[in-house]
Amino acid sequence: MNIETILEMWKKDSVIDEMQLDEASRDSAKLHSKYLELYSIAKLRLKKLELEFKPLLRDKFLHYGGKLSKEELDEKGWEYDPLNGLTVLKGDLDKWYDADPKIQEHQIKIAMQQELVDTLKEIMDNVKWRHQNIKNMIEWRKFTSGI
């Protein structure tokens with residue numbers, strides 16, 4: 001599930017038919033259920049990505065420190081000398097970590113999943129207050145018809 005799919009679904013689901021406000025009100029529970037499920041799954045996937053990131057950082061720490069064996073490097077497909085023969089101070093290693101393609105790839109996955117979670121949270125908030133929008137539409141109708 002990606003953010004584009006979620007936004008397309010929400011474009012359709014967010015529409016309130018002014019001629020069928022009773023049906024729109026009943027649909028609120030279905031929408032809540034649908035997006036709560038998506039939100040819960042997205043949060044769990046985010047947590048999984050965050051947990052998978054920790055061993056990657058540990059392994060990259062060992063990689064840049066020269067503490068991985070040739071077999072481990074071959075298994076992971078990582079280069080033997082990530083610093084290209086340079087001597088780097090420990091305090092400067094963060095710059096190398098930040099530029100590492102494997103770390104960046106995982107950070108992008110986490111950022112995209114976080115955006116998905118945030119989007120679903122916004123949708124859930126909107127669904128939660130949907131009844132108020134419907135009530136306001138009914139009140140406006142009453143006002144304009146002089147009731």
Side-chain angles (χ1 to χ4, degrees), residues 1-140:
M1 187 69 52
N2 61 32
I3 197 160
E4 291 85 7
T5 306
I6 297 289
L7 291 173
E8 273 305 310
M9 287 177 7
W10 181 238
K11 274 183 192 174
K12 293 174 188 159
D13 291 341
S14 66
V15 175
I16 298 174
D17 184 353
E18 291 186 41
M19 301 315 285
Q20 294 183 335
L21 294 176
D22 58 334
E23 192 64 34
S25 183
R26 280 192 293 271
D27 285 346
S28 293
K30 292 177 194 170
L31 289 175
H32 186 271
S33 173
K34 175 182 179 178
Y35 287 100
L36 179 61
E37 180 181 353
L38 294 171
Y39 179 60
S40 298
I41 291 168
K43 280 180 31 178
L44 289 171
R45 284 186 182 146
L46 175 61
K47 187 65 175 173
K48 183 176 185 262
L49 285 171
E50 289 171 344
L51 291 174
E52 289 171 349
F53 189 57
K54 294 177 190 259
L56 175 64
L57 281 179
R58 179 203 59 219
D59 290 347
K60 282 297 183 174
F61 173 78
L62 294 172
H63 182 214
Y64 282 99
K67 295 181 169 103
L68 291 179
S69 68
K70 182 181 182 314
E71 294 80 27
E72 290 171 313
L73 292 172
D74 288 340
E75 180 184 315
K76 293 180 184 297
W78 293 351
E79 52 192 74
Y80 297 118
D81 184 13
L83 300 174
N84 299 322
L86 298 173
T87 303
V88 178
L89 297 173
K90 245 184 192 178
D92 292 336
L93 276 177
D94 284 349
K95 292 173 183 65
W96 289 85
Y97 296 142
D98 292 342
D100 187 279
K102 291 287 183 194
I103 291 175
Q104 287 179 341
E105 180 183 321
H106 207 84
Q107 287 174 326
I108 287 170
K109 287 178 185 176
I110 290 172
M112 290 175 69
Q113 191 65 31
Q114 182 64 57
E115 188 61 32
L116 181 63
V117 167
D118 293 345
T119 299
L120 285 165
K121 175 77 171 109
E122 285 292 320
I123 291 171
M124 288 294 297
D125 288 345
N126 191 290
V127 169
K128 184 171 30 174
W129 293 103
R130 186 178 177 95
H131 71 282
Q132 191 64 39
N133 291 336
I134 293 169
K135 180 181 181 259
N136 289 344
M137 292 169 128
I138 292 169
E139 292 297 321
W140 179 251

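Hydrogens, waters and symmetry mates play no part in the numbers below; they use all other heavy atoms, side chains included.
- Here E52 pairs with K48 under the salt bridge (charged side-chain N to carboxylate O under 4.0 Å, His left out) rule; sequence neighbours left out.
- When side chains are defined from C-beta on, K34 counts as touching D13, because their heavy atoms get closer than 4.5 Å.
- The salt bridge (charged side-chain N to carboxylate O under 4.0 Å, His left out) test applied to E72 returns no partner, not counting sequence neighbours.
- The distance from the CG atom of L38 to the CG atom of L120 is 6.0 Å, given to the nearest 0.5 Å.
- Listed by chain and number, the residues in a side chain to side chain donor-acceptor pair (under 3.5 Å) with K54 amount to none (sequence neighbours excluded).
- The minimum heavy-atom distance linking L116 with A42 is given by the pair CD2-CB, 4.2 Å.
- In this structure, CG on D100 lies 7.5 Å from CG on L56, to the nearest 0.5 angstrom.
- R58 meets the side chain to side chain donor-acceptor pair (under 3.5 Å) test with no other residue; sequence neighbours excluded.
- Listed by first and then second residue, the side-chain hydrogen bond (donor to acceptor under 3.5 Å, both in side chains) pairs involving residues 104-117 are Q114-D118 (not counting sequence neighbours).
- Between D98 and I103 the shortest side-chain heavy-atom distance does not fall below 4.5 Å.
- For the pair R130 and S28, the tightest heavy-atom approach, listed with the atom from each and the gap, is CD-OG, 3.2 Å.
- Between the CG atom in D59 and the CH2 atom in W78 there is a gap of 4.5 Å [rounded to 0.5 Å].
- Rounding to the nearest 0.5 Å gives a distance of 11.0 Å between NZ of K60 and CZ of F53.
- Scanning all heavy atoms of the two residues, the minimum distance from H32 to M124 falls at NE2-CE, 3.4 Å.
- Two residues are said to be in side-chain contact when any heavy atoms from C-beta on lie closer than 4.5 Å; E79 and L73 fail this criterion.
- Heavy-atom neighbours of E75 CD from other residues, nucleotides or ligands within 6.0 Å: at or below the threshold of 12.
- Applying the salt bridge (charged side-chain N to carboxylate O under 4.0 Å, His left out) criterion to K30, with sequence neighbours excluded, gives D27.
- No side-chain heavy atom of E122 sits less than 4.5 Å from a side-chain heavy atom of N126.
- Residues forming a side chain to side chain donor-acceptor pair (under 3.5 Å) with T5 (at least two apart in sequence, or on another chain): N2.
- Here the straight-line distance linking atom CE of M112 with atom CG of L49 works out to 10.5 Å at 0.5 Å rounding.
- When the salt bridge (charged side-chain N to carboxylate O under 4.0 Å, His left out) test is applied to K67, no partner is found at least two apart in sequence or on another chain.
- In this structure Y39 satisfies the ring pair (Phe, Tyr, Trp, His ring centres under 6.0 Å) test with no other residue, sequence neighbours excluded.
- A donor and an acceptor atom, one from each side chain of K70 and Y80, are located under 3.5 Å apart.
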| message | Using side-chain contact (heavy atoms from CB on, under 4.5 Å), reason through L51 and K47 one step at a time and then give a plain yes or no. | response | CA-CA 6 Å; L51 291 174; K47 187 65 175 173; 4.3 Å; yes

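- Residues F61 and L93 fail the side-chain proximity criterion, which asks for heavy atoms closer than 4.5 Å.
- How far CG of D81 is from NE2 of H63: 8.0 Å, rounded to the nearest 0.5 Å.
- By the side-chain contact (heavy atoms from CB on, under 4.5 Å) test, Q20 pairs with D17, D22, E23, sequence neighbours left out.
- By the ring pair (Phe, Tyr, Trp, His ring centres under 6.0 Å) test, W96 is found to be paired with no residue, residues two or more places apart in sequence or in another chain being considered.
- Residues that satisfy the side chain to side chain donor-acceptor pair (under 3.5 Å) test with K135, not counting sequence neighbours, are absent from this structure.
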